[in-house]
Amino acid sequence: QEVFSYLSERIRAKKTVVPISMNVSRIHLENEKLLTYIKMLFEQYQIPADLIEFELTESIYIENSDMVLPFIEQLHDMGVKVSMDDFGSGYSSLSLISKLPIDIIKLDKVFLKNMPLDEKDEILISSIVEMARKLHMSVVCEGVEHQEHSLFLCRIGCDFLQGYYFSRPIPVS
């Protein structure tokens with residue numbers, strides 16, 4: 001509700017707005033009224049769906065596979081994007097993205113652990129970005145802390161970069 005209210009206030013004040021991602025936990029998925037609540041928030045605050053994204057961790061997909069697909073489909077029916085957070089930190093990522101209608105892959109920071117990146121790191125990261133592009137998904141690379149990582153990710157066509165290289169977490173204001 002805070003996110004919807006914040007976006008609504010900025011829109012009314014004709015201030016710049018950017019999409020905001022919110023995490024969905026296993027507990028959220030177990031709440032049968034969650035989707036009804038999300039629909040109510042869209043109606044109440046009149047927020048364009050492209051300003052909202054829901055992030056589900058890879059482990060949620062694995063542990064709650066029977067609940068996740070209908071949840072994603074209903075979010076898509078509302079026009080909301082869904083991302084897989086921490087992609088690559090678990091064991092079933094490739095099989096999951098082939099089965100689930102994910103819009104965005106958030107590549108886990110574990111892929112950028114080496115400075116500089118070695119050849120295997122570069123091959124793996126660039127292959128994931130290329131695969132996502134072929135599956136019509138966007139890629140956010142998390143954990144970017146060095147200019148060299150940023151330059152490499154831009155060169156291979158990663159869609160979005162996130163990390164301390166750009167900014168540490170900051171207050172809303």
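Between L112 and C141, some side-chain heavy-atom pair lies under the 4.5 Å cut-off. Side chains of L51 and I20 form no contact here, defined as non-hydrogen atoms less than 4.5 Å apart. By the 4.5 Å heavy-atom criterion applied to side chains, V82 and H76 are counted as neighbours. In this structure, the side chains of I105 and F87 come closer than 4.5 Å at one or more pairs of heavy atoms. Between V139 and R133 the shortest side-chain heavy-atom distance does not fall below 4.5 Å. Side-chain contact between Y45 and I11 is absent, with no heavy-atom pair separated by less than 4.5 Å.
Taking every heavy atom of both residues into account, Y6 and V172 meet most closely at CE1-CG1, 3.4 Å. Between L124 and F111, the shortest heavy-atom distance links the atoms CD2-CE2, 3.4 Å. Closest of all the heavy-atom pairs between S126 and I156 is CA-CD1, 3.7 Å. Nearest heavy atom pair, residue E55 against residue S21, reads OE2-CB, 3.1 Å. Of all the heavy atoms in I52 and V3, the pair that sits closest is CD1-CG1, 4.0 Å.
Under a 3.5 Å cut-off, the side chain of S25 and the backbone N or O of I27 do form a donor-acceptor pair.
Note that the OG1 atom of T16 and the NZ atom of K14 stand 12.5 Å from one another [nearest 0.5 Å]. Here the straight-line distance linking atom CE of M78 with atom CD1 of I38 works out to 5.5 Å at 0.5 Å rounding. Remark: L7 CG to I47 CD1 distance equals 5.0 Å, nearest 0.5 Å. One finds the CD1 atom of I104 at 3.5 Å from the CD atom of E53 (value rounded to the nearest 0.5 Å). How far OG of S5 is from CD of Q44: 8.5 Å, rounded to the nearest 0.5 Å. Atoms OG and CD1, from S138 and I102 in turn, are 12.0 Å apart once rounded to the nearest 0.5 Å.
Sorted by first and then second residue, the salt bridge (charged side-chain N to carboxylate O under 4.0 Å, His left out) pairs with a member in residues 71-81 form an empty list; sequence neighbours excluded. Pairs engaging residues 34-43 under the side chain to side chain donor-acceptor pair (under 3.5 Å) rule: none recorded [sequence neighbours left out]. The side chain to side chain donor-acceptor pair (under 3.5 Å) pairs that include a residue from residues 158-172 are K106-Q162, where partners are two or more places apart or lie in different chains.
Hydrophobic clustering (ILVMFWY, side-chain heavy atoms < 4.5 Å, transitive): F160 and V129 are in distinct clusters. Criterion: ILVMFWY side-chain heavy atoms under 4.5 Å apart, direct or through other members. Under it, I123 and M131 are not part of a common hydrophobic cluster. When the side chains of ILVMFWY residues are joined at heavy-atom separations under 4.5 Å, either directly or via intervening members, V140 and I170 end up in two distinct hydrophobic clusters.
Among residues two or more places apart in sequence or in another chain, the ring pair (Phe, Tyr, Trp, His ring centres under 6.0 Å) test is passed with F4 by F42. Residues passing the side chain to side chain contact (heavy atoms under 4.5 Å, CB included) test with K33, sequence neighbours excluded: N31.
Inspection of the H28 and N23 side chains reveals no N or O donor paired with an N or O acceptor under 3.5 Å.
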Under 3.5 Å, which donor-acceptor pairs link side chains of residues 142-155 to any protein atom two or more places apart or in another chain?
residue	atom	partner	partner atom	Å
H149	NE2	N114	O	2.9

